[in-house]
Undergrad: 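One structure follows; several queries about it will come next.
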Amino acid sequence: MLKMMKSYTDSLDIEATAAHFDSTIARTQRSLRDALSMTLLQASVSADTVKYELSLLNRVGHKFPSGYPSRRIFVEFVLRKANGDTLFQSGVLGSNYEVKGQDPGFEPHHNIINDPGQAQIYELIMGDVNGNVTTTLERAVTHLKDNRLVPQGFSSSHPNYTDTTEIAGDAETDPDFNHIGPLEGTGWDIVHYHVPLNGYSGTLQISARVWYQVVRPGWLDETFANSSPDIDRFERWYNSSDRSVDLVAELLTQHVIVGNQQFTEPVLTLYPNPTQNGWVNVLLPVTAERTQIRVYDMRGRMVMPEISVAGSVQKLQLPDAAGNYLLDFQGSGWRKAIKVVRR
């Protein structure tokens, strides 16, 4: 929308310069890239299927995406073989700016994705009095879907929950949407990708990207079904505008698969890093079994007692002193160290 306004400043009688718009667009894109943390764990390889857990953490103090309900974010998840051939893909954008494989009407929320025709799309879908999808605010009386990522600390028991903030659709029953077991308020969602290997062994190139789309396809159909000088002018501008999506988060990695065994070390994830208050979340795959964690300062002194954990999510409180710390992970046959900055 900012790019469109920049292109038609004269017609809109806008006094801001192109430089002003460029600065605002750049700040907006930086805000988008700061809104989300993404981590990937390999859960298991068995029965010719590789399973991944993609965690998305909302880092802002409101639902994401927020604001006008034309906005959405979606996850593009692609696995490629060593020769570059695609083994699996989900959430790929088509030339018409629509997510490939999306269901008619709207795509439901997914906990498990095991088919290229499924995609994880976070959005608010409004319904009218007949339960049909509407994009007209005055006709909206219910939410058919609202799986937008909620902020950390979000609670369904809050008095205002059923007013404007409720989760709607299949995300309500997703066991790890804003949950770790019975604990509510994580602010994340974990998407489980179950990918058939079809006999493939070798290196897997994995890319996971989250894209932001400010006006999803079809949103303006109800508006453009009418005609007026203002509507017709806006339709011309919209059809000639840059409707490319914006990258929010990206993760690129690779794993080696041999038969039904994965022999690379477990994928460990820490966030936030840097940490402002000393709290660090540690994500360990279930395949990591029992893991020992030691924390050292940059002089090599152990500053926290040895911690023994099993594969799950752990929260660690670093010492009060700001600085760099080394988290040393050791399991059966593997060891890995990760530096964390405490501000």
Undergrad: Give, for atom CZ of Arg342 and atom CG of Asp320, the distance between the pair rounded to the nearest 0.5 Å.
TA: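 Interatomic distance, Arg342 CZ to Asp320 CG, rounded to 0.5 Å: 6.0 Å.
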
Undergrad: I'd like to know if Val92 and Phe106 are part of one continuous hydrophobic network [Ile/Leu/Val/Met/Phe/Trp/Tyr, side-chain heavy atoms within less than 4.5 Å].
TA: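 Phe106 does not cluster with Val92.
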
Undergrad: Verify the neighbour count for atom CG of Asn160: are there more than 12 heavy atoms of other residues, nucleotides or ligands below 6.0 Å?
TA: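 Enclosed.
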
Undergrad: Given Val45 and Ile257, is the side-chain contact (heavy atoms from CB on, under 4.5 Å) satisfied, shown in steps?
TA: CA-CA 8 Å; Val45 180; Ile257 306 294; 4.0 Å; yes

Undergrad: Rounded to the nearest 0.5 Å, what separates atom CG in Asp128 from atom OG1 in Thr142?
TA: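 Rounded to the nearest 0.5 Å, the CG-OG1 separation comes out at 10.0 Å.
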
Undergrad: Tell me, with the steps shown, if Ser31 and Arg27 meet side-chain hydrogen bond (donor to acceptor under 3.5 Å, both in side chains).
TA: CA-CA 6 Å; Ser31 295; Arg27 290 199 305 271; over 6 Å; no

Undergrad: Assigning hydrophobic clusters by single linkage (Ile, Leu, Val, Met, Phe, Trp, Tyr; side-chain heavy-atom cutoff under 4.5 Å), is Val248 placed with Leu149?
TA: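 Yes, Val248 and Leu149 fall within the same hydrophobic cluster.
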
Undergrad: Verify side-chain contact (heavy atoms from CB on, under 4.5 Å) between Val280 and Tyr271, making sure each step is shown before the conclusion.
TA: CA-CA 6 Å; Val280 179; Tyr271 66 89; over 6 Å; no

Undergrad: Is the Trp219-Tyr68 ring centre distance short of 6.0 angstrom?
TA: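 That pair passes the under 6.0 Å test.
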
Undergrad: Quick one: does any side-chain atom of Thr275 pair with a main-chain N or O of Pro272 as donor and acceptor, under 3.5 Å?
TA: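 Judged by distance alone, no pair lies under 3.5 Å.
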
Undergrad: Give the C-alpha distance, both sets of side-chain angles, the deciding distance and a yes or no for side-chain contact (heavy atoms from CB on, under 4.5 Å) between Leu32 and Tyr212.
TA: CA-CA 8 Å; Leu32 283 173; Tyr212 174 84; 3.7 Å; yes

Undergrad: When you look at CG of Asn83, are more than 12 heavy atoms from neighbouring residues, nucleotides or ligands closer to it than 6.0 Å?
TA: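 Yes.
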
Undergrad: Below 4.5 Å, heavy atoms only, C-beta onward: do Ser70 and Leu220 meet side chain to side chain?
TA: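 No, every pair of side-chain atoms sits at 4.5 Å or beyond.
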
Undergrad: Minimum heavy-atom separation for Asn58 to Pro151, with atom names?
TA: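 In this case the closest contact between Asn58 and Pro151 is ND2-N, 3.4 Å.
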
Undergrad: Would you kindly confirm whether Val75 and Val50 end up in one hydrophobic cluster when ILVMFWY residues are joined by side chain heavy atoms under 4.5 Å apart?
TA: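 Yes.
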
Undergrad: Hey, could you give me the CH2/CG distance between Trp211 and Leu247, rounded to the nearest 0.5 Å?
TA: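 If we round to the nearest 0.5 Å, Trp211:CH2 and Leu247:CG are 4.5 Å apart.
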
Undergrad: Taking atom types as modelled and ignoring hydrogens, do the side chains of Arg236 and Ser240 form a donor-acceptor contact shorter than 3.5 angstrom?
TA: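 No.
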
Undergrad: Could you go through Glu98 and Arg216, starting from their C-alpha distance and side-chain angles, then the distance that decides it, and tell me whether this counts as salt bridge (Lys or Arg N to Asp or Glu O under 4.0 Å)?
TA: CA-CA 7 Å; Glu98 186 56 275; Arg216 60 178 177 261; over 6 Å; no

Undergrad: Identify whether Val141 and Leu124 are in the same connected component of the hydrophobic contact network (ILVMFWY, side-chain heavy atoms under 4.5 Å).
TA: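 No; tracing contacts between hydrophobic side chains, which count when under 4.5 Å, never links both residues.
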
Undergrad: If I compare all heavy atoms of Tyr296 with all of Arg294, which pair ends up nearest, and what's the gap?
TA: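 Looks like OH-CD, 3.2 Å.
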
Undergrad: Would you say Gln29 and Asp246 are linked by a side-chain donor-acceptor pair, where the criterion is simply a distance under 3.5 Å?
TA: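 Yes, Gln29 and Asp246 have a side-chain donor paired with an acceptor closer than 3.5 Å.
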
Undergrad: Is a side-chain donor or acceptor of Ser7 paired with a backbone partner of Lys3 at a separation under 3.5 angstrom?
TA: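 Confirmed, Ser7 side chain pairs with Lys3 backbone.
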
Undergrad: Do the non-hydrogen side-chain atoms of Val245 and Leu93 ever get within less than 4.5 Å of each other?
TA: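 Val245 vs Leu93: side chains touch.
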
Undergrad: Roughly how far, to the nearest 0.5 Å, is OG of Ser155 from OH of Tyr161?
TA: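 The OH atom of Tyr161 sits 9.0 Å away from the OG atom of Ser155.
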
Undergrad: So, do Val214 and Arg72 sit near enough that their side-chain heavy atoms are less than 4.5 Å apart?
TA: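 SC-SC contact between Val214 and Arg72 ruled out.
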
Undergrad: What distance separates Phe88 CZ from Asn198 CG, expressed to the nearest 0.5 Å?
TA: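 Taking CZ in Phe88 and CG in Asn198, the distance rounds to 11.0 Å.
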
Undergrad: Using a 4.5 Å cut-off on heavy atoms from C-beta on, say whether the side chain of Phe224 contacts that of Asp232.
TA: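 Counting from C-beta outward, Asp232 and Phe224 never come under 4.5 Å.
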
Undergrad: Is the shortest heavy-atom distance from the side chain of Asp189 to the side chain of Val191 under 4.5 Å?
TA: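 With C-beta onward as the side chain, the pair touches.
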
Undergrad: Please check if the side chain of Asn324 supplies one atom and the backbone of Val341 the other of a donor-acceptor pair under 3.5 Å.
TA: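 No.
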
Undergrad: For a side-chain hydrogen bond (donor to acceptor under 3.5 Å, both in side chains) check, start with the C-alpha distance between His20 and Thr17, then their side-chain angles and the critical distance, and finish with the verdict.
TA: CA-CA 5 Å; His20 292 150; Thr17 67; 3.2 Å; yes

Undergrad: Kindly say whether Thr135 contributes a backbone atom to a donor-acceptor pair with the side chain of Glu222 at under 3.5 angstrom?
TA: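 Judged by distance alone, yes, a pair lies under 3.5 Å.
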
Undergrad: Taking the side chain as C-beta and beyond, is there a heavy-atom pair between Pro175 and Asn111 under 4.5 Å?
TA: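 Of all side-chain heavy-atom pairs linking Asn111 with Pro175, at least one is under 4.5 Å.
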
Undergrad: Please say yes or no: joined through hydrophobic side-chain contacts below 4.5 Å, possibly via intermediate residues, are Phe74 and Leu57 part of one cluster?
TA: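 Phe74 does not cluster with Leu57.
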
Undergrad: I'd like to know if Lys63 and Asp146 make a salt bridge, using a cut-off of under 4.0 Å between side-chain N and carboxylate O.
TA: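 Counted as a salt bridge, because a side-chain N and a carboxylate O are separated by less than 4.0 Å.
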
Undergrad: Any carboxylate oxygen within less than 4.0 angstrom of a Lys/Arg side-chain nitrogen, looking at Glu107 and Lys145?
TA: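 Not counted as a salt bridge, because no side-chain N and carboxylate O are separated by less than 4.0 Å.
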
Undergrad: State whether the side chain of Asp85 and the backbone N or O of Lys81 hold a donor-acceptor pair below 3.5 Å, judged by distance alone.
TA: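 Checking the backbone N and O of Lys81 against the side chain of Asp85, no donor-acceptor pair under 3.5 Å is found.
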
Undergrad: Can a side-chain donor-acceptor contact be found between Asp242 and Ser244 if the only test is distance below 3.5 angstrom?
TA: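 Distance-only check passes for Ser244 and Asp242.
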
Undergrad: Strictly distance-based, threshold 3.5 Å: is any side-chain N or O of Asn226 a donor or acceptor partner for the main-chain N or O of Ile231?
TA: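 No, Asn226 side chain to Ile231 backbone: no donor-acceptor pair under 3.5 Å.
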
Undergrad: Using the six-membered ring of Tyr238, assess whether NZ or CZ of Arg243 lies under 6.0 Å from its centre and within 45 degrees of the ring axis.
TA: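 Flagged: Arg243 positioned over aromatic ring of Tyr238.
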
Undergrad: Carefully, step by step, assess Ser156 and Glu184 under the rule side-chain hydrogen bond (donor to acceptor under 3.5 Å, both in side chains).
TA: CA-CA 8 Å; Ser156 59; Glu184 186 180 28; 3.0 Å; yes

Undergrad: Using 4.0 Å as the upper bound for N to carboxylate O, is an ion pair formed by Asp22 and Lys6?
TA: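 Yes, this pair counts.
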
Undergrad: Quick check: closest heavy atoms across Leu2 and Phe21, and the distance to 0.1 Å?
TA: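 Shortest heavy-atom separation between Leu2 and Phe21 comes out as O-CD2, 3.6 Å.
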
Undergrad: Got Leu316 and Ile293 here, is their nearest side-chain heavy-atom distance under 4.5 Å?
TA: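 Yes, their side chains come closer than 4.5 Å.
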
Undergrad: When you check the side-chain N and O atoms of Thr203 and Gln254, is any donor under 3.5 Å from an acceptor?
TA: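 No, no side-chain donor-acceptor contact under 3.5 Å.
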
Undergrad: Where do Ala208 and Met38 come nearest, in terms of heavy atoms and distance?
TA: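 Looks like O-CE, 3.2 Å.
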
Undergrad: Check step by step if side-chain hydrogen bond (donor to acceptor under 3.5 Å, both in side chains) holds for Asp174 and His109.
TA: CA-CA 9 Å; Asp174 184 336; His109 175 85; 2.7 Å; yes

Undergrad: Is Arg148 paired with Glu123 through a side-chain N to carboxylate O contact shorter than 4.0 Å?
TA: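 Arg148 and Glu123: not salt-bridged.
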
Undergrad: Measure the spacing between CD of Gln213 and OH of Tyr97 and express it to the nearest 0.5 Å.
TA: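 If we round to the nearest 0.5 Å, Gln213:CD and Tyr97:OH are 9.5 Å apart.
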
Undergrad: Which heavy-atom pair separates Gly127 from Thr134 by the least distance, and what is that distance?
TA: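 Nearest pair, atom of Gly127 first, then Thr134: C-CG2, 3.9 Å.
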
Undergrad: For Arg139, I'd like to know if atom CZ has over 12 heavy atoms of other residues, nucleotides or ligands within 6.0 Å.
TA: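 For Arg139, atom CZ is not crowded (no more than 12 foreign heavy atoms under 6.0 Å).
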
Undergrad: Kindly say whether Asp115 contributes a backbone atom to a donor-acceptor pair with the side chain of Gln118 at under 3.5 angstrom?
TA: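 At least one qualifying donor-acceptor pair exists.
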
Undergrad: Main chain of Thr24, side chain of Thr28: is a donor-acceptor contact present, judged purely on distance under 3.5 Å?
TA: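 Such a contact is found between Thr28 side chain and Thr24 backbone.
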
Undergrad: Which atom pair, heavy atoms only, marks the closest approach of Ser11 to Trp237?
TA: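 Here Ser11 and Trp237 meet closest at CB-CZ2, 3.7 Å.
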
Undergrad: Check whether any side-chain heavy atom of Leu137 lies under 4.5 Å from a side-chain heavy atom of Pro69, and answer yes or no.
TA: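 Contact flag for Leu137/Pro69 side chains = yes.
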
Undergrad: Aromatic contact between Tyr52 and His194, with the criterion being ring centroids under 6.0 Å apart: yes or no?
TA: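 No; His194 has its ring centre 6.0 Å or more from that of Tyr52.
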
